Number of protein chains: 2
Amino acid sequence: MAKYPLIKTTLKERLLGGHYVEGLPLPSEPQLAREFEVSRMTARRAIDELEREGYVYRVQGAGTFPTGKRFRQGMFRVRPFKEWARHPEHRTVVLRAVEVAASPEIAAVLQVQSGDKVAFVHRLRSAGDEPLVIEKRYINAQLAPTLLDHNLAVESVHEVLVGRLGLALTRVEQTLEAVNLRQEEADLLRVPLGTAAFLLRRTTFGGMQRISYVNYWVRGDRYAFQDSFEP
Amino acid sequence: MAKYPLIKTTLKERLLGGHYVEGLPLPSEPQLAREFEVSRMTARRAIDELEREGYVYRVQGAGTFPTGKRFRQGMFRVRPFKEWARHPEHRTVVLRAVEVAASPEIAAVLQVQSGDKVAFVHRLRSAGDEPLVIEKRYINAQLAPTLLDHNLAVESVHEVLVGRLGLALTRVEQTLEAVNLRQEEADLLRVPLGTAAFLLRRTTFGGMQRISYVNYWVRGDRYAFQDSFEP
DNA sequence: GAGTGGTCTAGACCACTCG
DNA sequence: GAGTGGTCTAGACCACTCG
């Protein structure tokens with residue numbers, strides 16, 4: 001078992017618990033190395049990840065500081081598509097739902113062997129006559145062997161995984177990008193080639209296992225994410 | 001001058017130039033270390049960043065592989081601009097900072113009278129030589145009369161409003177859109193017309209008063225918003 | 001079994017911050 | 001000048017892949 005994840009978890013707990021004061025530095029890297037009885041490089045590795053996740057920032061010569069709360073966590077809550085599906089005017093069309101062999105990229109994301117069975121679901125969501133969202137999803141088939149027996153035009157994948165297959169989803173990681181639509185996506189969404197869209201990539205975890213990886217292309221001209229918070 | 005950025009740049013050029021074949025591994029870490037005459041840890045550091053930026057993925061025991069184009073992504077984290085400003089490679093250029101009369105649209109957003117004085121700040125943020133973010137900000141000049149006396153290439157507007165002018169910021173409302181850049185913005189960011197970008201619109205409140213309204217255009221090819229949560 | 005990436009050590013020198 | 005983070009070295013052992 002590696003040492004740096006424990007250091008990272010411990011520091012994260014302290015940061016979230018307010019053990020470190022905003023504006024004041026954390027213990028220095030040599031101090032943390034001594035406390036956790038590791039080399040400085042190993043302590044640094046843990047801090048590297050905390051910095052990348054936005055919990056701390058570093059200033060050479062000055063120290064490592066807690067990041068202000070308002071910026072710490074996801075700025076944008078994305079609404080679950082479960083709500084989407086309930087709206088009477090919203091429709092989902094399943095373009096494809098098959099088992100495929102994992103490409104090396106998908107294997108890396110889901111942490112399975114290249115060539116392992118993966119369930120692939122390709123769907124298009126519309127409001128009224130207007131197509132709005134393309135979904136391409138890959139699910140570890142070993143963890144969800146009967147997923148494709150369900151009617152995915154009506155049921156949400158999340159509902160099937162949790163409600164029917166009894167999987168526990170423990171964590172979600174996602175990134176949001178702004179991209180120009182390529183021909184294939186533009187055609188499906190019936191907009192011009194190159195139209196700006198959101199690309200939301202989401203990985204869903206069950207414990208240490210990666211259950212599902214999904215890409216959503218969301219029309220930029222029809223969708224905006226809203227947020228409000230107290231600083 | 002550090003060594004790993006050169007290794008990273010060189011490998012990135014090779015990857016984008018197609019020197020490495022999809023499906024086949026790159027040279028191993030010890031090989032790359034020998035080629036660049038560095039230790040293995042330094043070669044790893046360069047590869048770490050390429051992996052994080054989505055150019056390669058690694059499989060323990062097998063090797064490091066070029067990522068298929070579909071999954072390549074720019075992974076710049078969004079940071080508070082205070083931290084941004086402290087980074088030695090990050091620069092802010094003030095393109096314009098003047099008092100103007102509020103247009104009807106700005107007057108509506110800030111809830112002042114059309115024609116009232118509004119401070120307008122137009123800035124460009126860059127990392128190294130690369131322009132990344134355009135900012136156009138409007139501040140209620142009655143609430144922040146001396147804002148423009150400060151050096152806004154160095155100080156953050158937030159710091160001036162709160163730290164110098166003693167304003168209390170009580171709420172933030174924001175929306176995030178995906179847009180195609182128009183000529184003016186594309187020129188500033190040095191990308192082609194129509195490139196996809198995030199448009200972040202933010203209104204900052206002090207009690208019932210609206211203090212500041214800002215639009216950020218953020219290059220979609222270099223930025224991603226990250227989030228992780230427990231469902 | 002040879003080779004690969006994953007982790008870790010115990011040092012070292014540097015640029016930078018801060019009182 | 002003391003302390004900090006940034007970078008780098010030359011090793012080491014491990015788990016894993018693959019022919």
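Here is how names work: the chains are called A, B, and so on, in the same order as the sequence lines, proteins then strands, and each is numbered from 1. Quick caveat: nothing in here was measured; it's all calculated off a predicted structure.
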Inset, instruction - Could you check how far CG of B/L24 sits from P of C/dT4, rounded to whole Å? - result: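 The distance from CG of B/L24 to P of C/dT4 comes to 14 Å, rounded to the nearest Å.
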Legend entry - Between C/dT7 (P) and A/F36 (CZ): distance, integer Å: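 Rounded to the whole Å, the gap is 18 Å.
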Inset, instruction - Measure from CD on A/E29 to C1' on C/dT9 and round the result to the nearest Å. - result: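 Atom-to-atom, A/E29 to C/dT9, this comes out as 16 Å.
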Inset, instruction - Take the protein atom CD of A/Q31 and the nucleotide atom P of D/dG3, then report the distance between them rounded to whole Å. - result: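 Interatomic distance, CD of A/Q31 to P of D/dG3: 10 Å.
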Inset, instruction - Would you kindly say whether B/R201 and B/Y213 are connected by a side-chain donor-acceptor distance under 3.5 Å? - result: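 A donor-acceptor contact under 3.5 Å links the two side chains.
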Inset, instruction - Output yes when A/K136 and A/E184 qualify as a salt bridge under the 4.0 Å nitrogen-oxygen rule, no when they do not. - result: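 Yes.
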Inset, instruction - Identify which nucleotide among C/dT17, D/dT9, C/dT9 has an atom closest to any side-chain atom of A/K3, counting heavy atoms from C-beta outward. - result: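 For the A/K3 side chain, the nearest candidate turns out to be C/dT9.
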Legend entry - Residue met sooner reading DNA chain D from 5', once A/P27 and B/V38 are mapped to nucleotides: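 It is A/P27, whose closest nucleotide lies nearer the 5' terminus.
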Inset, instruction - Considering just the side-chain nitrogens and oxygens of B/S39, establish if one lies under 4.0 Å of OP1 or OP2 belonging to D/dG11. - result: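 No, outside the criterion.
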Legend entry - Nearest-nucleotide 5' precedence on DNA chain C, B/P30 against B/M41: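 Whichever sits nearer the 5' end wins; that is B/P30.
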Legend entry - Between P of D/dC13 and CZ of B/R40, the distance in whole Å: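 Whole-Å distance recorded here is 14 Å.
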Inset, instruction - Grab the CD-P distance between B/Q60 and C/dT4 for me, whole Å please. - result: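 In whole Å, C/dT4 P and B/Q60 CD are 13 Å from each other.
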Legend entry - B/E135 with B/R137: basic N within carboxylate O range, under 4.0 Å: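 Salt bridge flag = yes for B/R137 with B/E135.
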Inset, instruction - Mind checking the CG-CD spacing from A/L147 to A/E155? Nearest 0.5 Å is all I need. - result: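 Reported to 0.5 Å precision, the distance equals 9.5 Å.
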Legend entry - Nucleotide nearest A/R44 when distance is taken to its side chain, options D/dC8, C/dT7, D/dG5: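 For A/R44, the side-chain atoms sit closest to D/dG5.
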Legend entry - Side chains of A/R58 and A/T64, donor plus acceptor under 3.5 Å: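 Judged by distance alone, the side chains do not pair up.
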Inset, instruction - Please state whether the phosphate of D/dC8, meaning OP1 or OP2, lies under 4.0 angstrom from any side-chain nitrogen or oxygen of B/Y4. - result: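 B/Y4 to D/dC8 OP1/OP2: no side-chain N or O under 4.0 Å.
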Inset, instruction - May I have the distance from A/L6 (atom CG) to C/dT7 (atom P), rounded to whole angstrom? - result: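 In whole Å, C/dT7 P and A/L6 CG are 14 Å from each other.
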Inset, instruction - Scan B/R45 against the nucleic acid and name what it touches under 4.0 Å (heavy atoms): base, sugar-phosphate only, or nothing. - result: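 B/R45: backbone/sugar contact only, no base atoms under 4.0 Å.
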Inset, instruction - Using a heavy-atom cut-off of under 4.0 Å over every strand shown, decide if A/Q113 touches base, sugar-phosphate, or nothing. - result: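 Sugar-phosphate, backbone atoms only, no base.
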Inset, instruction - Would you mind reading off the distance between A/L32 atom CG and C/dC8 atom P, rounded to a whole angstrom? - result: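 Rounded to the whole Å, the gap is 15 Å.
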Inset, instruction - Tell me whether the OP1 or OP2 atom of C/dT4 has a side-chain N or O from B/S28 closer than 4.0 Å. - result: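 Answer yes for this pair, as a side-chain N or O of B/S28 is under 4.0 Å from OP1 or OP2.
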Inset, instruction - Would you please confirm or rule out a distance under 4.0 Å between OP1 or OP2 of C/dG5 and any side-chain N or O of B/T64? - result: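 Answer is yes, contact under 4.0 Å.
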Inset, instruction - Ignoring the backbone of B/A2, work out which of D/dT7, C/dT17, D/dT9 is nearest its side chain. - result: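 Among D/dT7, C/dT17, D/dT9, the one nearest the side chain of B/A2 is D/dT7.
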Legend entry - Residue from B/E29, B/E51, B/E49 passing salt bridge (Lys or Arg N to Asp or Glu O under 4.0 Å) with B/R44: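 For B/R44, the salt bridge (Lys or Arg N to Asp or Glu O under 4.0 Å) check succeeds only for B/E29.
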Inset, instruction - Tell me which of B/L26 and A/E37 sits closer to the 5' end of DNA chain C, going by the nucleotide each one is nearest to. - result: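 Result of the comparison: B/L26.
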Inset, instruction - Please determine, for C/dC13, whether a Watson-Crick or G-U wobble partner exists with both distances under 3.5 Å, and give it or none. - result: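 By the stated definition (distances under 3.5 Å), D/dG6 pairs with C/dC13.
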